[in-house]
Amino acid sequence: MGVTNLYLSNMYTLSEEASMMLQFMVQSVVQENMSPQKKHWMVTLQEVFYPALAAVGIPSNIITLLIIWRRNCMLSRSSTFYLMAISVADNLVLIFIVVLELSVKYHQQEPFWSYEPWCNLRDIFNYGAYNASTWLVVVFTVERFVAIHTWKMKTKICTSRCAAWTITAVYLLSHFFAIPYYWSNVSVFENNQTRCIYKPEAPSHFIHALVWFQTLQAYILPFLIILTLNGLTLRLISLSNRVHITTDLTSRVHKVMPLLRSRRRKSVVLLVTVSMSFVLLSVTRVITQIILRTTHMYTLDRNDYNLLINIAADTGTMLSLTNAAANMYLYVCTQSKFRQEFLACIRQVSFYCKTKL
């Protein structure tokens, strides 16, 4: 009888331990399922990329501005004004979009621009800075096109006064056209989180008009203008070379001024470098934005990275914003005078640091 009772008590203890172990396993599985989902690699990439882009781009734009302003880079006065203005606009893009929006977005659950009044003002500064950066490249392309092709208009358009007025107009109009976004956004509290979204009660036609107008003025029109002017420039260069070769031994050669002299060749290289780098780095975003706005994908969740279109769209955004940090490196690679001035500044800074140490 005692043996039987001991056996039953041991069985009871074993069954109790088994049930406790089973309960522990169930709890661990439930906790694992309730834990936050693992971050997508695209989210991790953007968390690292945008702060790094700002850390590289903002100092490089400041250095570019100072070199062009204080040094002699063998540029015309009008080109100097445009390149300085582009550096300022690119820095505004990096500050407002890359730092204050995208970097903060991935490192704070409720960024400051989720609340009023920043929710209404955010897109005015963002789109204003981006549009100014884009259209300064466009007007610089137009100015260089005129300087290369026409001598009569060059004396009127390619001047410091005209450049200053044009730059001022671009900055004012870029921010003016972004003002309607003040009435498009609203701060809401949903799912225990404050977010800045399009107003649910806003007319759909108003929101679609804003989106399409921004796409038109920031991507489609600038692309058409830049590609057309660069195509005409390269075509004229090709025709000029052919004419020059075929008439090399005729008397006309002595009367025709060659197109690609040293200064004009530098103008062409500078024009193609600035404008075509903008096109190449922005083309992915242009294509993905047009796809998102002309198909049913416009209603999809942009944070769902299981959709390839979202990965492509965010990749295009990263490439497009890279253009705001790349100009100094393009100048260093293509402009010998700028490269000399840049190296001189580096030597001065290193000498100053050595003397202080």
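Throughout, numbering of the chain's residues begins at 1 and tracks the sequence. This is a predicted model, so every value here is computed, not measured.
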For H40 and T44: C-alpha separation, side-chain torsions, deciding distance, then whether side-chain contact (heavy atoms from CB on, under 4.5 Å) applies. CA-CA 7 Å; H40 194 275; T44 305; over 6 Å; no
Full working for side chain to side chain donor-acceptor pair (under 3.5 Å) between S275 and N230: CA-CA 8 Å; S275 58; N230 284 345; 2.8 Å; yes
Is [Y] close to [X] at the side-chain level, that is, under 4.5 Å between some pair of heavy atoms?
{"X": "S184", "Y": "K199", "result": "no"}
{"X": "V137", "Y": "P222", "result": "no"}
{"X": "L292", "Y": "I309", "result": "yes"}
{"X": "W69", "Y": "T80", "result": "no"}
{"X": "E47", "Y": "V43", "result": "yes"}
{"X": "Y305", "Y": "D314", "result": "yes"}

Could you check whether Y106 and Q46, counting side-chain N and O atoms only, form a donor-acceptor pair closer than 3.5 Å? yes
Test item: side-chain donor near acceptor, T159 and R77, under 3.5 Å: no
List the steps, then state whether side chain to side chain donor-acceptor pair (under 3.5 Å) holds for R195 with S114. CA-CA 5 Å; R195 297 190 302 153; S114 298; over 6 Å; no
May I ask you to check whether F177 and F213 place their ring centers less than 6.0 Å from one another? yes
Using atom types as modelled and distance alone, determine if a side-chain donor or acceptor of [X] lies under 3.5 Å from a backbone N or O of [Y].
{"X": "N185", "Y": "N120", "result": "no"}
{"X": "E116", "Y": "S187", "result": "yes"}
{"X": "T284", "Y": "G316", "result": "no"}

List the atom pairs, with distances to 0.1 Å, where a side-chain N or O of residues 320-331 and a protein N or O form a donor-acceptor pair under 3.5 Å, not counting sequence neighbours.
unit_1: S320; atom_1: OG; unit_2: Y130; atom_2: OH; d: 2.7
unit_1: T322; atom_1: OG1; unit_2: M318; atom_2: O; d: 2.6
unit_1: N327; atom_1: ND2; unit_2: D90; atom_2: OD2; d: 2.9

Partners of Q340 by side chain to side chain donor-acceptor pair (under 3.5 Å), sequence neighbours excluded? none
State which residue, out of T141, V279, L232, fulfils the side chain to side chain contact (heavy atoms under 4.5 Å, CB included) condition with L227. V279
Option among Y181, F96, Y182 that satisfies the ring-ring contact (aromatic ring centres under 6.0 Å, His included) test with F125: F96
According to the interplanar angle, ranging from 0 to 90°, do the rings of F112 and W118 count as parallel (below 30°), tilted (30 to 60°) or perpendicular (above 60°)? perpendicular
